[in-house]
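In what follows, chains are A, B, ... by sequence order, proteins preceding strands, each numbered from 1. Predicted, not measured: the structure shown is a model, and the values here were computed from it.
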Amino acid sequence: MSTVKEVDDRFKRFGTVSFTGISKINDFIDHLDDGRVTGTRCTDCGRAFFPPRADCCQCRTSRMQWFDIAGRGRLVTYSRLAFAPVGFQDDVPYCIALLDYGDYKVFGRIAADLPEEDLKIGMEMVTTVNTLPNGQLNYVFKKKR
Amino acid sequence: MSKVAIIGVGQSKFVRQYPGSIRELVFDGFKEAVADAGITAGDIGASVVCSAPEYDKQRSPAGVLAEYLGLNPQPTFYVESLCSSSSTGLRLAYALVTSGLHSVVAVLGFQKMSEISSSESQERMGRGADIQWESPFGTMMPAYYAMYARAHMETYGTSPDDLALIRVKAATYGQLNDRAVYRKPVTFDMFGDPNNRMSGPVASPLRVGDCCANADGSSCIIVANEEKTKAFGRKPVWILGTGAATASVNLAGRDLFTGLSAAREAARQAYDMAGVTPEDVDVAEVHDCFTIAELMAYEDLGFAEPGKGRELIRSKATYKEGRIPVNVDGGLLSKGHPIGATGGSQIRTIVLQLRGEAGDIQVKDPAVGLVHNIGGVGLYGNVTILGRDS
């Protein structure tokens, strides 16, 4: 019988470089594998959280339900980086951005094939799962179809 | 509440690479502040040490520094709020004095950033944001502030040229500051010249000239209660108001992208406590880690209405002779930004201004001064209002 305790460090697969492995919302990574980007909603007060949280600070309970980030968000703001931190140099240049979905906002990256010139604050975009060249997972914002 | 005065101020030169250890670096600022206050280490009842620990090899530097400065066996406390650490330290010192626990407290800010490379330092800075949900996308401080700049430009029509004007002002005064890292002139035309370093892209719409540099440095602010202040007989500057606030670390948790909500809340508290309005402020130091940060500070502090900040820089109202002089010591853009030391350096400048001892950068007869010091991208906001003896 093995005495090695299994550690749930699925979150280390998130992003070009992940700084976190162990978290109570690690099912988020399984959802990415299934092509879904998900947040959590408190089953007591109904508040939607993105990024997903294991606990509701309004009710101080942990009864949360997953929901899909679906439909369109509006581009709040963005920036294109000409330099990158250690571990991200191969990704340069890339744009980070924020989308507003009304009940919640999503911070992430613009799809690599979408040039900065095509971005306009207020434009509608969708959030989709993306596999990075190094095999890691994240999500990116694309123009709505 | 009992009154608290600043009785001594000091800072080291801010340099790219300090030729010594953190103890020696902190000693530079401390020595000047103690001499300025006309006291000895034995007069100091406690110290508050302020820095961002991820740059230090030394674990728990507070105790190590207290010993080096001759502050044993007095207690020492370590505080950290990223780039606003030493104004957080000042607020804690204020509480220690008004509570009656200590009558004289030294606030020691420092950072020796040169021990790690610039990109490593950017990565550590980026981790002042949300490491679980933002850093994996490759974020950096300039990019976050750039997102605010983009939103401000879109909402209000602020332009990259307006931001360039802020850097030109900073350099005007940085040349006069022998403690500053960057003392070369910067002209508006440099931003339009693709061959000039100032115009190079960092994180759109911010360019090299919009960003401050890392630095090594230390600062020291000594505060005292009214009784000790009178006994030491030095020219006091009083803490009239202190405001402090926080905001969501992840931008996804925020609603305002054309200003910093923590700065606005801290300003409201400080103005209320001091019983003054933005119109009463004669001279200010604001946290210009990026040009856009100074422009937003004009608005967050009520020097201009939201969206009108650019009018202050275009009309030179924030120059030394203007209606509300801001960062006439060159700001972080010229001085450099040794994280934990920065707030103390800002406070020192305002104290010297209120005493009429600011030399070449002296503003005419100021009575009320303000310090705006921000941690992270508005994760922490501290606003302190100081007044001279009336």
Between the side chain of [X] and the main-chain N/O of [Y], is any donor-acceptor distance below 3.5 Å?
X        : Y        : value
A:Ser79  : B:Met147 : no
A:Lys105 : B:Arg254 : yes
A:Tyr94  : B:Gly138 : yes

### Query
If we only count heavy atoms from C-beta on, is the A:Phe107 to B:Thr139 side-chain gap below 4.5 Å?
yes
Less than 4.5 Å apart, side chain to side chain, heavy atoms only: is that true for B:Tyr148 and A:Thr77? no
Rounded to the nearest 0.5 angstrom, the CG-CG distance for B:Leu206 and A:Leu81 is 10.0 Å
One should read off an interatomic distance between A:Ile22 CD1 and B:Gln132 CD, to the nearest 0.5 angstrom, of 11.5 Å
For [X] and [Y], which heavy atoms make the closest approach, and how far apart are they?
X        : Y        : value
B:Ser135 : A:Phe19  : CB-CE1, 3.4 Å
B:Leu251 : A:Leu98  : O-CD2, 3.9 Å
A:Phe88  : B:Phe137 : CE2-C, 3.9 Å

List the atom pairs, with distances to 0.1 Å, where a side-chain N or O of residues 30-37 of chain A and a protein N or O form a donor-acceptor pair under 3.5 Å, not counting sequence neighbours.
from    : atom 1 : to      : atom 2 : distance (Å)
A:Asp30 : OD2    : A:Arg10 : NH1    : 2.6
A:His31 : ND1    : A:Thr38 : OG1    : 2.8
A:Asp33 : OD1    : A:Arg13 : NH2    : 2.9
A:Asp33 : OD2    : A:Arg13 : NH1    : 2.9
A:Arg36 : NE     : A:Asp68 : OD1    : 3.2
A:Arg36 : NE     : A:Asp68 : OD2    : 3.2
A:Arg36 : NH2    : A:Asp68 : OD1    : 2.9

Pair count under 4.5 Å, heavy atoms only, with chain A: among B:Ser204, B:Gly253, B:Pro205, highest is B:Ser204
Looking only at A:Thr16, A:Ile121, A:Val17, the option with the highest number of non-hydrogen pairs under 4.5 Å against chain B is A:Ile121
The interface call for B:Phe257 against chain A, heavy-atom contacts under 4.5 Å, is side chain
When the 4.5 angstrom heavy-atom criterion is applied to A:Tyr101 and chain B, the contacting part is neither
Okay, A:Ile25 and chain B: the region with an atom under 4.5 Å from a heavy atom over there is side chain
For residues 39-65 of chain A against chain B, heavy atoms under 4.5 Å, the residues are A:Phe50, A:Pro51, A:Pro52
### Residues A:Glu116 and B:Arg150 bridged, charged N to O under 4.0 Å
yes
Among residues 152-164 of chain B, residues within the sub-4.5 Å heavy-atom range of chain A, in order of number, are B:Glu154
In short, salt bridge (charged side-chain N to carboxylate O under 4.0 Å, His left out) pairs touching residues 121-132 of chain A with sequence neighbours left out are A:Arg72-A:Glu124, A:Arg74-A:Glu124
